[in-house]
Asks: 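Quick one: the structure is below, and I'll ask about it shortly.
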There are 2 protein chains.
Amino acid sequence: MSRPALHAAVLDAVGRAITSGDVPPGTPLTLEAIGAVHGVSRTVAREVMRLLEGLGLVRSKRRVGLVVLGMSEWNVLDPRVIRWRLAGPGRDDQLRTLTELRHAVEPLAAAGAATHATAEARAELLDLAGRMRVLGSHGDLAEFLALDVRMHELLLRSSGNEMFGALADVVAEVLTGRTRLGLMPPAPVPEALDQHEKVARAVADGDPGRAEATMSALVGEVRRTLSSGA
Amino acid sequence: MSRPALHAAVLDAVGRAITSGDVPPGTPLTLEAIGAVHGVSRTVAREVMRLLEGLGLVRSKRRVGLVVLGMSEWNVLDPRVIRWRLAGPGRDDQLRTLTELRHAVEPLAAAGAATHATAEARAELLDLAGRMRVLGSHGDLAEFLALDVRMHELLLRSSGNEMFGALADVVAEVLTGRTRLGLMPPAPVPEALDQHEKVARAVADGDPGRAEATMSALVGEVRRTLSSGA
DNA sequence: CATGGACCATTGGTAGCATCTTTCGCAACA
DNA sequence: TGTTGCGAAAGATGCTACCAATGGTCCATG
């Protein structure tokens with residue numbers, strides 16, 4: 001923590017407070033108050049508020065201060081907003097909607113990767129799937145998560161579409177959030193391992209159709225588990 | 001809107017300069033320089049840079065200034081970034097990737113709307129489709145665009161998934177950008193009108209499968225036209 | 001040639017001031 | 001009583017000036 005990272009802390013605090021609903025929409029905040037509460041000067045409070053304005057959490061109006069906006073105005077796809085909301089109430093709904101988004105995007109991304117990925121990426125995918133299987137039987141959740149994140153990120157970024165690639169951060173947030181919230185089984189289920197391996201193989205083989213179908217099945221499984229488990 | 005909007009102007013200028021590639025990745029900017037170029041104080045330059053940092057366009061490093069980041073770090077899903085990039089070079093690629101994203105998301109959103117949309121939304125969808133047909137024969141592009149944007153926005157926001165809803169801004173940017181760039185036929189093709197009407201009817205009837213399939217066909221058509229036309 | 005330390009440019013953060021817009025309250029008037 | 005208009009105040013916007021921290025750069029020394 002040698003870094004000042006002062007507004008990072010304040011940004012996090014205020015962002016959490018808003019997204020959790022602790023400060024309801026319509027509440028007017030003032031820079032003075034924010035600065036005082038967090039023991040920080042008006043300048044940094046201003047910068048934080050600018051950031052929050054960029055995320056659609058507040059809108060600054062003269063004479064009245066910074067008004068907290070409603071959920072419909074939020075930039076819900078921004079990783080920061082996602083992280084805050086995953087830590088607050090409504091995380092179940094959050095996971096559901098994000099998983100639906102994954103279901104829309106990841107199959108097409110896998111298909112894209114099957115035709116566009118570099119040779120290195122294909123090799124790394126196979127390697128990752130193999131290591132996931134090994135780790136799966138040992139049951140080290142943290143390391144397994146890292147591999148899982150890496151694999152989905154690699155797929156999305158290899159899809160040949162940077163829009164899909166931009167969603168890698170989102171998917172990473174979802175996966176880590178799911179683990180952090182204890183929504184993962186203590187040891188990965190064998191089907192999940194199989195499907196990850198199948199996807200990796202389909203991409204390595206350059207078979208877009210199989211990659212898409214398998215990935216769709218994979219995320220569909222996650223979606224089913226979510227809605228039944230929660 | 002006689003807003004001061006001082007940093008809005010500077011933000012726009014610098015954002016455009018970076019996304020257009022005029023200032024290549026790795027270039028170090030200093031607050032001092034930005035302030036001087038745009039005739040603005042260091043304070044506002046700092047706030048602008050904070051915003052740009054939030055968009056992933058720059059990373060601030062001490063002693064060295066603000067380093068312009070590469071495209072892979074950009075927040076390419078942010079409407080501001082999209083608008084900037086649609087105005088610069090590479091707009092064709094931009095439209096392609098965004099249309100692929102639409103192809104992933106909009107069918108599922110339409111299916112969601114078929115089960116979740118309110119009665120008012122269903123009625124408005126039918127009304128919109130009808131008016132698009134009327135306008136289509138008259139050939140008023142601007143008004144047609146407004147209806148088109150409204151219809152897609154309504155579908156996405158009625159999908160019961162706020163993540164899809166958040167993409168309404170993106171789709172709106174794409175549609176208006178496509179028209180602004182003159183990539184639309186002078187008069188809407190009859191098939192597009194048919195498909196919009198079919199989607200509206202499927203949603204109104206509460207038939208998710210038909211809504212999804214029809215929307216997929218619609219966006220697929222757009223995608224095909226794009227890749228052949230450009 | 002490597003290494004360590006001093007220098008200094010540039011961001012991070014604070015303080016205080018002037019300005020401008022918008023809202024609120026109060027008073028005057030119909 | 002209800003409405004209009006004016007003044008005051010609150011709070012964002014923007015500026016300048018200042019100090020602290022930090023991490024490249026570069027030179028001197030082994």
Side-chain angles (χ1 to χ4, degrees), chain A residues 1-18 22-70 73-75 80, chain B residues 1-15 17-18 23-70 73-75 80:
Chain A
M1 298 284 237
S2 60
R3 294 250 185 68
L6 227 174
H7 41 295
V10 180
L11 178 68
D12 233 53
V14 182
R16 274 206 165 77
I18 294 179
D22 280 353
V23 287
T27 309
L29 305 173
T30 74
L31 294 178
E32 206 88 39
I34 291 293
V37 166
H38 296 84
V40 111
S41 79
R42 270 199 356 265
T43 307
V44 49
R46 249 160 56 169
E47 286 175 6
V48 167
M49 283 313 189
R50 278 276 186 257
L51 261 302
L52 291 176
E53 202 176 4
L55 294 178
L57 298 197
V58 302
R59 178 187 305 288
S60 109
K61 295 201 69 157
R62 280 204 160 157
R63 153 78 201 200
V64 63
L66 295 112
V67 183
V68 177
L69 296 178
E73 308 286 337
W74 298 352
N75 221 329
R80 281 165 295 190
Chain B
M1 292 304 190
S2 63
R3 289 247 193 74
L6 220 172
H7 42 294
V10 181
L11 178 68
D12 232 52
V14 182
I18 294 179
V23 287
T27 309
L29 305 173
T30 73
L31 295 178
E32 211 84 41
I34 291 293
V37 167
H38 296 85
V40 111
S41 82
R42 218 177 76 108
T43 307
V44 49
R46 247 161 57 166
E47 286 175 6
V48 167
M49 283 313 191
R50 233 15 123 216
L51 261 300
L52 290 176
E53 202 176 4
L55 293 177
L57 297 197
V58 303
R59 178 186 304 289
S60 104
K61 295 198 70 152
R62 279 194 162 166
R63 155 81 202 199
V64 63
L66 294 110
V67 183
V68 176
L69 297 178
E73 308 285 337
W74 298 352
N75 221 330
R80 280 166 295 192

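Residue numbers begin at 1 in each chain, while the letters A, B, ... track the order of the sequences.
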Asks: Can you measure Arg62(B) atom CZ to dC19(D) atom C1' for me and round it to whole angstrom units?
Replies: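 Atom-to-atom, Arg62(B) to dC19(D), this comes out as 12 Å.
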Asks: As a test of reading the structure: which of dG12(C), dC20(C), dT23(C) is closest to the side chain of Lys61(A), going by heavy atoms?
Replies: dT23(C)
Asks: How long is the gap from CG on Leu6(A) to OG1 on Thr43(A), to the nearest 0.5 Å?
Replies: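 The OG1 atom of Thr43(A) is 11.5 Å from CG of Leu6(A), to the nearest 0.5 Å.
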Asks: Please name the residue in the list Leu11(B), Asp12(B), Ile18(B) that meets the side-chain contact (heavy atoms from CB on, under 4.5 Å) test with Val14(B).
Replies: Ile18(B)
Asks: The criterion is side-chain contact (heavy atoms from CB on, under 4.5 Å); which residues satisfy it with Glu73(B), sequence neighbours excluded?
Replies: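 In terms of side-chain contact (heavy atoms from CB on, under 4.5 Å), with neighbours along the sequence ignored, Glu73(B) is linked to Leu69(B).
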Asks: Which donor-acceptor pairs under 3.5 Å do the side chains of residues 45-58 of chain A make with protein atoms, sequence neighbours left out?
Replies:
{"unit_1": "Arg46(A)", "atom_1": "NE", "unit_2": "Glu47(B)", "atom_2": "OE2", "d": "3.2"}
{"unit_1": "Glu47(A)", "atom_1": "OE1", "unit_2": "Arg50(B)", "atom_2": "NE", "d": "2.8"}
{"unit_1": "Glu47(A)", "atom_1": "OE1", "unit_2": "Arg50(B)", "atom_2": "NH2", "d": "2.8"}
{"unit_1": "Glu47(A)", "atom_1": "OE2", "unit_2": "Arg46(B)", "atom_2": "NE", "d": "3.2"}
{"unit_1": "Arg50(A)", "atom_1": "NE", "unit_2": "His7(B)", "atom_2": "NE2", "d": "2.6"}
{"unit_1": "Arg50(A)", "atom_1": "NE", "unit_2": "Glu47(B)", "atom_2": "OE1", "d": "2.9"}
{"unit_1": "Arg50(A)", "atom_1": "NH1", "unit_2": "His7(B)", "atom_2": "NE2", "d": "3.1"}
{"unit_1": "Arg50(A)", "atom_1": "NH2", "unit_2": "His7(B)", "atom_2": "NE2", "d": "3.0"}
{"unit_1": "Arg50(A)", "atom_1": "NH2", "unit_2": "Glu47(B)", "atom_2": "OE1", "d": "3.0"}

Asks: Heavy atoms from C-beta onward define the side chain here; which of dT21(C), dG14(D), dG13(C) lies closest to that of Arg50(B)?
Replies: dG13(C)
Asks: Specify the separation, in whole Å, of atom CG of Leu31(A) and atom P of dG16(C).
Replies: 16 Å
Asks: Taking the minimum atom-to-atom distance to the side chain of His7(B), which one of dT21(C), dT14(C), dG14(D) wins?
Replies: dG14(D)
Asks: Would you mind classifying the nucleic acid contact of Arg59(B) as base, sugar-phosphate or nothing, using non-hydrogen atoms under 4.0 angstrom?
Replies: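 Nothing, no nucleic acid heavy atom in range.
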Asks: Quick one, which residues of residues 32-49 of chain A touch DNA chain D with a heavy atom under 4.0 Å?
Replies: Arg42(A), Arg46(A)
Asks: Look up atom OG in Ser60(B) and atom CG in Leu29(B), then write down how far apart they are to the nearest 0.5 Å.
Replies: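 Going from the OG atom of Ser60(B) to the CG atom of Leu29(B) covers 11.5 Å.
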Asks: Does any donor-acceptor pair link the side chain of Arg63(A) with the base of dC24(C) at a separation under 3.5 Å?
Replies: no
Asks: To the nearest 0.5 Å, what is the distance between CZ on Arg59(A) and CG on Leu66(A)?
Replies: 11.0 Å
Asks: Take atom CG of Leu6(B) and atom P of dG14(D), then tell me their distance rounded to the nearest Å.
Replies: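 In whole Å, dG14(D) P lies 5 Å from Leu6(B) CG.
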Asks: Leu29(B) has an atom CG; how far is it from atom C1' of dT10(C), in whole Å?
Replies: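 From Leu29(B) CG to dT10(C) C1': 13 Å.
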Asks: Compare side-chain N and O positions of Ser60(B) against OP1 and OP2 of dT10(C) and report whether any pair is under 4.0 Å apart.
Replies: no
